[in-house]
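Here is the structure we will look at.
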Amino acid sequence: MKKESTFSIILEDGHLLNYKIYGNPKNNPIIYLHGFGSSASGLYINENKLDAKNFYVIAINRPGYGSSSLKHYNMTYFSRDIKSLLEKLNLDMVDIIGWSAGGTYAQIFASIYPDCVKSLTLISSAIPLKGKNTKNDLPINWKFISFFNSYFPLMTKYYFKKLSKKINHHIETTVKDSIDKMPEADQSVANQRHFQEVITKAAVEAYQNNGLAVYYDAVAMTEKVSLNYAARPYKIYIWHGEKDNVWPLKTAKTLNKLYTDSSFHIIENKGHLLYLSYFDEIVNEIESDQARLK
């Protein structure tokens, strides 16, 4: 069902960029960008269904996640790393999927390199914390997070260091406690064994390096960005769970307002882990639309 292969390239700055491949690389590529505190290992993919749709997935680890080198960066800088990977793999255009925080990275990449993007899919997506068109629509908890990441980064650094120690020494109880705090819509997904295994593996890969990977990620997300939402040559899909309490439905509606001709899906009784339970349906829509255009 899920048999990923792991690879790395050396970037121009000398650092490693680590990625995983799910499916047959002879098919059409989908770039997947993981959420905050997750990793490229956090996917559970039915590769037979993926192959039937003529796709494979390249899931990229941000700096410090998985085997990617730890380094300081921002979201624009990481977009250049993604572009370098596409060039190494001789890929001119890709479909790109971003889940949660990965949705912000995906939007920035698509904005900088629109000619490399066939479609942009945002699942339970974050919105830019300091985006010109989004900062006023941030949920109150994310306004606090953005403030502390910007002005008191040592506090968040210390917090992630403590959490890293807890995860690495007590992973099973930490994951169980985290699941117990989730809304019922997400618990029903996370308590399935196959999903829980990838959630756990992704957390371990994220909270290594004394939590510095997630700390650098948190700081990177505070970059001030100004995206051009009007001029774009690619199709946009927005998928959001009605019960999402990490990035509430309000943020999805903000994205739908900005991307005026997007395909917008609100899934009833689903939460933030929509990317696990609805991955097949999401890929199906991409494939169906592209088949109609042929």
Side-chain angles (χ1 to χ4, degrees), residues 1-2 22 32-46 49 57 59 62 65 97-106 121-127 129 137-145 159-160 163-164 166-167 170-207 214 217-218 221 237-256 264-285:
M1 183 74 79
K2 172 187 175 290
Y22 300 81
Y32 170 77
L33 302 180
H34 62 76
F36 182 81
S38 184
S39 80
S41 294
L43 287 171
Y44 187 86
I45 291 177
N46 186 320
K49 290 183 178 180
V57 172
R62 291 195 286 280
Y65 287 83
I97 293 176
W99 170 61
S100 194
T104 300
Y105 284 90
T121 300
L122 306 174
I123 312 172
S124 310
S125 180
I127 57 177
L129 301 186
D137 290 329
L138 278 180
I140 188 67
N141 59 321
W142 283 102
K143 288 182 180 179
F144 278 115
I145 291 169
Y159 170 77
F160 291 130
L163 185 54
S164 171
K166 184 178 179 183
I167 286 173
H170 308 285
I171 182 61
E172 291 184 3
T173 54
T174 304
V175 170
K176 183 181 182 303
D177 289 346
S178 177
I179 292 173
D180 288 344
K181 293 174 184 177
M182 293 178 181
E184 186 176 344
D186 283 326
Q187 285 187 25
S188 65
V189 176
N191 279 321
Q192 295 181 50
R193 183 177 176 181
H194 52 290
F195 290 148
Q196 191 169 136
E197 286 177 352
V198 298
I199 291 170
T200 301
K201 185 176 181 180
V204 170
E205 291 185 353
Y207 286 92
V214 286
D217 197 2
M221 290 179 65
Y237 306 95
I238 300 171
W239 291 74
H240 216 89
E242 175 194 27
K243 304 291 186 180
D244 195 326
N245 72 339
V246 177
W247 285 100
L249 195 53
K250 175 185 176 182
T251 56
K253 291 179 178 178
T254 296
L255 290 171
N256 187 46
F264 186 39
H265 302 273
I266 300 172
I267 309 302
E268 293 183 0
N269 299 315
K270 293 295 180 181
H272 195 60
L273 298 179
L274 185 69
Y275 82 106
L276 287 172
S277 56
Y278 260 71
F279 197 84
D280 291 340
E281 289 83 353
I282 290 165
V283 172
N284 285 348
E285 182 179 37

Counting N and O atoms only, with roles assigned by atom type, does the side chain of Gln196 sit under 3.5 Å from a partner on the main chain of Ala190, one being a donor and the other an acceptor? yes
Determine whether Tyr32 and Tyr275 make a side-chain contact, defined as any pair of heavy atoms from C-beta on separated by less than 4.5 Å. yes
Got a second to check how far Thr104's OG1 is from Ile127's CD1, nearest 0.5 Å? 8.0 Å
Show, in sequence, the C-alpha distance, side-chain angles and deciding distance for Glu285 and Trp239, and conclude whether the side-chain hydrogen bond (donor to acceptor under 3.5 Å, both in side chains) test is met. CA-CA 11 Å; Glu285 182 179 37; Trp239 291 74; 3.2 Å; yes
Would you say that His265 contacts Tyr278 through its side chain, given a criterion of any heavy-atom pair below 4.5 Å between the two side chains? no
Under the criterion side-chain contact (heavy atoms from CB on, under 4.5 Å), I'd like the reasoning laid out for Lys166 against Tyr207: C-alpha separation, chi angles, the key distance, then a yes or no. CA-CA 9 Å; Lys166 184 178 179 183; Tyr207 286 92; over 6 Å; no
Taking all non-hydrogen atoms of both residues, which atom of Ser100 and which atom of Gly35 are closest, and how far apart? CB-CA, 4.1 Å
Is there a side-chain contact between Trp142 and Ile145, using heavy atoms and a 4.5 Å cut-off? yes
Please round to the nearest 0.5 Å and tell me the distance separating atom NZ of Lys243 and atom CD1 of Ile267. 13.5 Å
Pairwise side-chain contact, Tyr159 with Val214, heavy-atom cut-off 4.5 Å (strictly under): no
Please round to the nearest 0.5 Å and tell me the distance separating atom CG of Asp137 and atom OG1 of Thr251. 9.0 Å
Under 3.5 Å donor-acceptor, Asn191 side chain and Gln187 backbone: yes
Compare all side-chain heavy atoms of Trp99 with those of Ser125 and state whether any distance is below 4.5 angstrom. no
Say whether, by atom type as modelled, one donor and one acceptor occur between the side chain of His240 and the main chain of Trp247 under 3.5 angstrom. yes
Would you give the length of the straight line joining atom CD1 of Ile167 to atom CD of Glu205, rounded to the nearest 0.5 angstrom? 12.0 Å
Output all residues satisfying side-chain hydrogen bond (donor to acceptor under 3.5 Å, both in side chains) with Tyr105, sequence neighbours left out; order by chain, then residue number. Asp217
Check residues 178-186 and write down every donor-acceptor pair under 3.5 Å in which the side-chain atom is one partner and the other belongs to a residue at least two apart or another chain.
residue	atom	partner	partner atom	Å
Asp180	OD2	Lys176	NZ	3.1
Asp186	OD1	His272	N	2.9
Asp186	OD1	Leu273	N	2.9
Asp186	OD2	His272	N	3.0

Gap separating the CD1 atom of Ile238 from the CD1 atom of Ile266, nearest 0.5 angstrom: 10.0 Å
Quick check for you: to the nearest 0.5 Å, what is the distance between Ile199 atom CD1 and Ser41 atom OG? 13.0 Å
Does the side chain of Leu43 reach to within under 4.5 Å of the side chain of Val198, using non-hydrogen atoms? no
Listed by chain and number, what are the ring-ring contact (aromatic ring centres under 6.0 Å, His included) partners of His194, not counting sequence neighbours? Tyr44
Any non-hydrogen side-chain atom of Asp244 less than 4.5 Å from a side-chain atom of Leu274? no
Of the non-hydrogen atoms in Leu255 and Ala126, which two are nearest, and what is the gap between them? CD1-O, 4.2 Å
Salt-bridge present (Glu197, Lys201; N to O < 4.0 Å): no
Side chains of Ile97 and Val57 in contact at under 4.5 Å (non-hydrogen atoms): no
Phe36/Phe160 aromatic ring centres below 6.0 Å: yes
Closest heavy-atom pair and its distance - Ala59, Ala40: O-CB, 3.4 Å
Looking at Tyr65 versus His34, is the centre-to-centre ring distance below 6.0 Å? yes
